[in-house]
Amino acid sequence: MSTNINCEPLKSLIRTVPDFPKPGILFYDITTLLKDKAGFAQLIDALASYYIDKDIDLVLGIEARGFIFGPALAYRLNAGFVPVRKPKKLPAKVARVNYDLEYGTDAVEIHLDAIEPGQRVIIVDDLLATGGTMQATVKLVQQLGGHITGLAFIVELDFLKGRAKFAEYDVHSLLHYNE
């Protein structure tokens with residue numbers, strides 16, 4: 001049975017860096033949370049408690065910060081872990097989805113044999129902003145026949161309204177910011 005762990009105190013462990021990576025952007029730096037052993041444990045416990053009763057087969061982590069949370073969450077859920085990578089990082093045959101960035105394009109890839117049709121997956125990343133990378137990853141899972149049980153984020157920037165792109169999915173974010 002899932003429980004709701006209050007993660008608001010974890011905000012005090014996240015450093016904000018103004019004007020990074022460019023002027024006018026306030027960057028939420030989670031490295032200060034990651035190095036706090038109690039904070040990191042609470043974060044993983046909170047994610048796991050939300051998904052523990054959902055019979056998850058695989059946790060997909062989006063490069064690079066999804067690689068931090070994904071394996072720990074997969075371990076707690078007794079699930080497998082699958083990395084979603086930037087182009088040309090995976091050695092076997094891949095599925096690939098290109099997506100638009102503010103200035104240009106990018107892509108994500110996954111091994112063709114990473115997901116069996118019907119497997120229940122959650123996709124985890126550190127931040128939901130505009131949702132472009134997550135949209136591309138959702139398309140990868142759909143191509144391989146996986147069933148998306150949820151989309152998990154550590155931080156959600158509510159003012160960018162990225163959640164609106166995923167109305168048909170269970171989006172779970174631990175921390176919300178409105179600025």
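Since we're looking at a predicted model, the values are computed, not measured. Count residues from 1 along the sequence.
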Between Thr105 and Tyr99, do the side chains contain a donor N or O and an acceptor N or O under 3.5 Å apart? no
Return each pair, listed once, that meets salt bridge (Lys or Arg N to Asp or Glu O under 4.0 Å) where at least one residue sits in residues 117-134; pairs must be two or more places apart or across chains. Arg65-Asp126
Report the distance from atom CE of Met134 to atom CD1 of Ile123, rounding to the nearest 0.5 Å. 5.0 Å
Taking every heavy atom of Leu47 against every heavy atom of Ala152, the minimum-distance pair comes out as CD2-CB, 4.1 Å
Single-linkage hydrophobic cluster, 4.5 Å side-chain cutoff, Tyr75 and Ile154 together: no
Would you find a donor on one side and an acceptor on the other, under 3.5 Å apart, between the side chain of Lys54 and the backbone of Gly150? no
Verdict with reasoning, Tyr50 to Asp170, per side-chain hydrogen bond (donor to acceptor under 3.5 Å, both in side chains): CA-CA 11 Å; Tyr50 187 80; Asp170 178 16; 2.7 Å; yes
Is it possible for you to say whether Leu140 and Leu58 belong to one hydrophobic cluster, with membership spreading through side-chain heavy-atom contacts below 4.5 Å? yes
Are side-chain heavy atoms of Val108 and Thr133 found at a separation under 4.5 Å? yes
Side chains of residues 23-30: which donor-acceptor pairs under 3.5 Å do they make with residues two or more places apart or in other chains?
{"from": "Tyr28", "atom 1": "OH", "to": "Glu179", "atom 2": "O", "distance (Å)": "2.9"}
{"from": "Asp29", "atom 1": "OD1", "to": "Thr31", "atom 2": "N", "distance (Å)": "3.0"}
{"from": "Asp29", "atom 1": "OD1", "to": "Thr31", "atom 2": "OG1", "distance (Å)": "2.8"}
{"from": "Asp29", "atom 1": "OD2", "to": "Arg15", "atom 2": "NE", "distance (Å)": "2.9"}
{"from": "Asp29", "atom 1": "OD2", "to": "Arg15", "atom 2": "NH2", "distance (Å)": "2.7"}
{"from": "Asp29", "atom 1": "OD2", "to": "Thr31", "atom 2": "OG1", "distance (Å)": "3.1"}

Residue pair Ile122, Val124: steps toward the side chain to side chain contact (heavy atoms under 4.5 Å, CB included) verdict: CA-CA 6 Å; Ile122 56 175; Val124 64; 5.9 Å; no
Residues at least two apart in sequence or cross-chain that pass salt bridge (charged side-chain N to carboxylate O under 4.0 Å, His left out) with Asp106, listed by chain then number, are Lys86
Rounded to the nearest 0.5 angstrom, the CZ-CG distance for Phe40 and Leu13 is 12.5 Å
Of all heavy-atom pairs linking Pro87 and Ala107, the shortest is CD-O, 3.3 Å
Sequence neighbours excluded and cut-off under 3.5 Å, please list the side-chain donor-acceptor pairs for residues 109-117, or say none.
{"from": "Glu109", "atom 1": "OE1", "to": "Lys88", "atom 2": "N", "distance (Å)": "3.2"}
{"from": "Glu109", "atom 1": "OE2", "to": "Arg96", "atom 2": "NH1", "distance (Å)": "3.2"}
{"from": "His111", "atom 1": "NE2", "to": "Ala92", "atom 2": "N", "distance (Å)": "3.1"}

According to a 4.5 Å side-chain heavy-atom criterion applied to Ile, Leu, Val, Met, Phe, Trp and Tyr, with indirect links allowed, do Leu90 and Leu144 form part of one hydrophobic cluster? no
Quick check on the hydrophobic clustering: are Ile14 and Leu160 connected, directly or via other members, by side-chain heavy-atom contacts under 4.5 Å? yes
Apply side chain to side chain contact (heavy atoms under 4.5 Å, CB included) to Val121 and Ile56, showing your working. CA-CA 6 Å; Val121 306; Ile56 304 302; 5.8 Å; no
Any chance you could measure Ile148, atom CD1, to Gln119, atom CD, to the nearest 0.5 Å? 13.0 Å
Those residues that, when tested against Lys161, pass side chain to side chain donor-acceptor pair (under 3.5 Å) (two or more places apart): none
Not counting sequence neighbours, list each pair that qualifies as a side chain to side chain donor-acceptor pair (under 3.5 Å) and has a residue in residues 134-151. Gln142-Tyr169
Partners meeting salt bridge (charged side-chain N to carboxylate O under 4.0 Å, His left out) with Glu168 (sequence neighbours left out): none
Salt bridge Glu156-Arg163, side-chain N to carboxylate O under 4.0 Å: yes
Could you report the tightest heavy-atom contact between Ser12 and Pro9, atom names first, then the distance? OG-O, 2.8 Å
Who are the salt bridge (charged side-chain N to carboxylate O under 4.0 Å, His left out) partners of Asp57, not counting sequence neighbours? none
Return the set of residues passing side chain to side chain contact (heavy atoms under 4.5 Å, CB included) with Ala72 (not counting sequence neighbours), or none when no residue passes. Ile44
Contact list for residues 34-47, test salt bridge (Lys or Arg N to Asp or Glu O under 4.0 Å), sequence neighbours left out: Asp45-Arg76
With the 4.5 Å side-chain cut-off for hydrophobic clustering, are Phe159 and Leu174 part of the same group? yes
